[in-house]
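A quick note: this is a predicted structure, and the numbers were derived from the prediction, not measured. Atoms considered below: every heavy atom in the structure, side chains included; atoms not considered: hydrogens, waters and symmetry mates. Just so we're on the same page: letters track the sequence lines, and every chain starts at 1.
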Amino acid sequence: MRGRTRIAHLPEHAGQEVTLGGWVTHRRSKGKIAFLVVRDGTGICQLVASVKDVDEETFARMEKVTQESAVLVRGTVREDRRAPGGYEVLVRELEIVGPAEEYPISPKEHGIEFLLDHRHLWLRHRRPWAILRIRHEIVQACRDFFYDNEFVLIDSPILTPAACEGTSTLFETDYFGEKAYLSQSGQLYLEPAAMAFDRVYCFGPTFRAEKSKTRRHLTEFWMIEPEIAWAGLDEVMELAERLVSYVVERVLERRRTELEILERDVSKLESVAPPFPRLSYDEAAEILLRPENVARAKEAGAPPFEPGNDLGAMDETILGELHDRPVMIHRYPTKVKAFYMEPDPENPDRALCVDVIAPEGYGEIIGGSERIHDPELLRRRIEEHNLPEEAFRWYMDVRKFGGVPHGGFGMGIERVVAWICGTRHIRETIPYPRTINRIYP
RNA sequence: UCCGGAGUAGCUCAGCUGGUAGAGCAGGUGGCUGUUAACCACCGGGUCGGGGGUUCGAGUCCCUCCUCCGGAGCCA
């Protein structure tokens, strides 16, 4: 609507008459004076009307308008420290554009199931507002980072003919009579593109039919995946720490208000800067096997760490707590990792891979590796993993036609948002979460 | 899939050793000239998750199924 002032810009209009459009969040009437708090997506603003300043009908509307009704207001902006945000609008005219029925989300507490059932309305509230604006900043920061570092955006397909890392966790769908699967990673498509563009990345939704029921899992989540030609594990790790540090810095710089709404302890984020501590799997294993850490895991009821196995949630928490910034764990046992990871030439039982573990128990946010570039080794691995060779023919071509060392990683956006926002559960970090038992709204 | 917990008003919950349903918020009506999740008074609101059983009597005890929550594994 032309001439509408948005609430975020009210301070620039102090003393002037403005038109606001917004939704009513609270109504407080007090006899001959009435207060309305409205929200317009950019901020919140208190409206005030006194019975002697407005006509009878306008005052009656102030007192009657229901929560979440859409209103259009004309009035004068005034600085007043009693108003939330420091500015309020003295109402002259109030039009109820879209009246609201009885609104289900009341100002008191609600359970998570109820809120998720009403996610489409819950989005209007402060906490989702803050989290999703930080998500927006994180995504934009990633895009800026890759642009500034000369990465080319190569989006990967979502409908795919075969698995990247095994078929058990794929969503299957029909593709004109053939089986197709929703993508669980863009990586296989990025590797060929890295040979064409040098540095590439993709960013899109990925789908995993894992029956995970934890606060770190979604069945549909967004992943940002860079891939670089001529890169080894060290370059992959450097890129990861630079990206994560840049993202955190951007949020601290531009989303202070949102972090305050979430009551995030920002001192925990301010220490995030390169270099991140690097720990080999074997060094991590040594730490996890110390008596105090074994006892700690036992106390929490977590399964004990077994050397040679992947790290569990508790193991990641213990390792993450040792540092004030994300920790990078590299060179996991080859057998617990994906088929395409390059073995360490110094110890082929270890893969040239890295997981980045966020602090404060938020767990793995990045998984990456150097990729196998020798065609014969890759062929053997595909065979060992019982993967259909035919489906990987084009992937083999990356090695057959000028194979070079290359590597990259995937970063789960929602986990990064959860960590930076300090939200306990990942389902709040995406507008419409998809979990094992939720596909509504 | 496994382990633990919970389903009672629109929402969040209380309801003891079995005796026939309650509070706050939300909604409605009225009052109040600076409220801040405003306040005060009054009013309406329930197949106690479904099914079965024990009992004179079940929200409460037993069996069973369903749903959700927390955690594990798997992963980003």
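Under the 30°/60° scheme for interplanar angles, the aromatic rings of A:His118 and A:Phe114 are found to be tilted.
Legend: residues meeting ring-ring contact (aromatic ring centres under 6.0 Å, His included) with A:Phe276, ordered by chain and number and at least two apart, are absent. Checked against side-chain contact (heavy atoms from CB on, under 4.5 Å), A:Val294 has no partners two or more places apart in sequence or in another chain. Here A:Thr58 pairs with A:Asp55 under the side chain to side chain donor-acceptor pair (under 3.5 Å) rule; sequence neighbours left out. By the ring-ring contact (aromatic ring centres under 6.0 Å, His included) test, A:Phe203 pairs with A:Trp222, sequence neighbours left out. The ring-ring contact (aromatic ring centres under 6.0 Å, His included) check on A:His26 picks up nothing, with sequence neighbours excluded. Under the rule for a ring-ring contact (aromatic ring centres under 6.0 Å, His included), the partners of A:Phe151 that lie at least two apart in sequence or sit in another chain are A:Phe146.
The base of B:C68 is not paired with the side chain of A:Arg438 by any donor and acceptor separated by under 3.5 Å. Side-chain atoms of A:Glu88 and base atoms of B:G34 include a donor and an acceptor less than 3.5 Å apart.
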Report all interatomic pairs (protein N or O, nucleotide N or O of nucleotides 43-49 of chain B) with separations under 3.5 Å.
none

Hey, what are the protein-to-nucleotides 11-14 of chain B N/O distances that come in under 3.5 Å?
unit_1 : atom_1 : unit_2   : atom_2 : d
B:C11  : O2'    : A:Glu109 : O      : 3.2
B:C11  : O2'    : A:His110 : ND1    : 2.5
B:U12  : OP1    : A:Gly111 : N      : 3.0
B:U12  : O4'    : A:Glu109 : O      : 3.4
B:U12  : O2'    : A:Glu109 : OE2    : 3.0

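Residue pairs that meet the salt bridge (charged side-chain N to carboxylate O under 4.0 Å, His left out) test with at least one member in residues 316-332 of chain A, sequence neighbours left out, are A:Arg296-A:Glu321, A:Arg331-A:Asp344. Sorted by first and then second residue, the salt bridge (charged side-chain N to carboxylate O under 4.0 Å, His left out) pairs with a member in residues 72-92 of chain A read A:Glu17-A:Arg74, A:Glu17-A:Arg92, A:Arg78-A:Asp80, A:Arg78-A:Glu88, A:Asp80-A:Arg82; sequence neighbours excluded. Counting only residues at least two apart or in different chains, salt bridge (charged side-chain N to carboxylate O under 4.0 Å, His left out) contacts with residues 301-311 of chain A are absent.
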Secondary structure string for RNA chain B (Watson-Crick or G-U under 3.5 angstrom, | for other-strand pairs): (((((((..((((.....[..)))).(((((.......))))).....(((((..]....))))))))))))....
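Here the separation of B:C11 from B:G46, taken at their P atoms, is 13 Å to the nearest Å. Spacing of C1' atoms, B:C66 relative to B:U20, comes out at 27 Å, to the nearest Å.
One can place CG of A:Leu311 at 13 Å from P of B:A76, the figure rounded to the nearest angstrom. In this structure, A:Lys213 places its NZ atom 8 Å from C1' of B:C68, rounding to the nearest Å.
Between the side chain of A:Ser212 and the main chain of A:Thr214, no donor-acceptor pair closer than 3.5 Å is present.
Between A:Leu218 and A:Arg427, the one whose closest nucleotide on RNA chain B sits nearer the 5' end is A:Arg427.
Ring-base stacking between A:Tyr103 and B:A26 is not satisfied when judged by a centre separation under 5.5 Å and a plane angle under 30°.
The residue A:Arg216 sits close to a base: some heavy atom pair falls under 4.0 Å.
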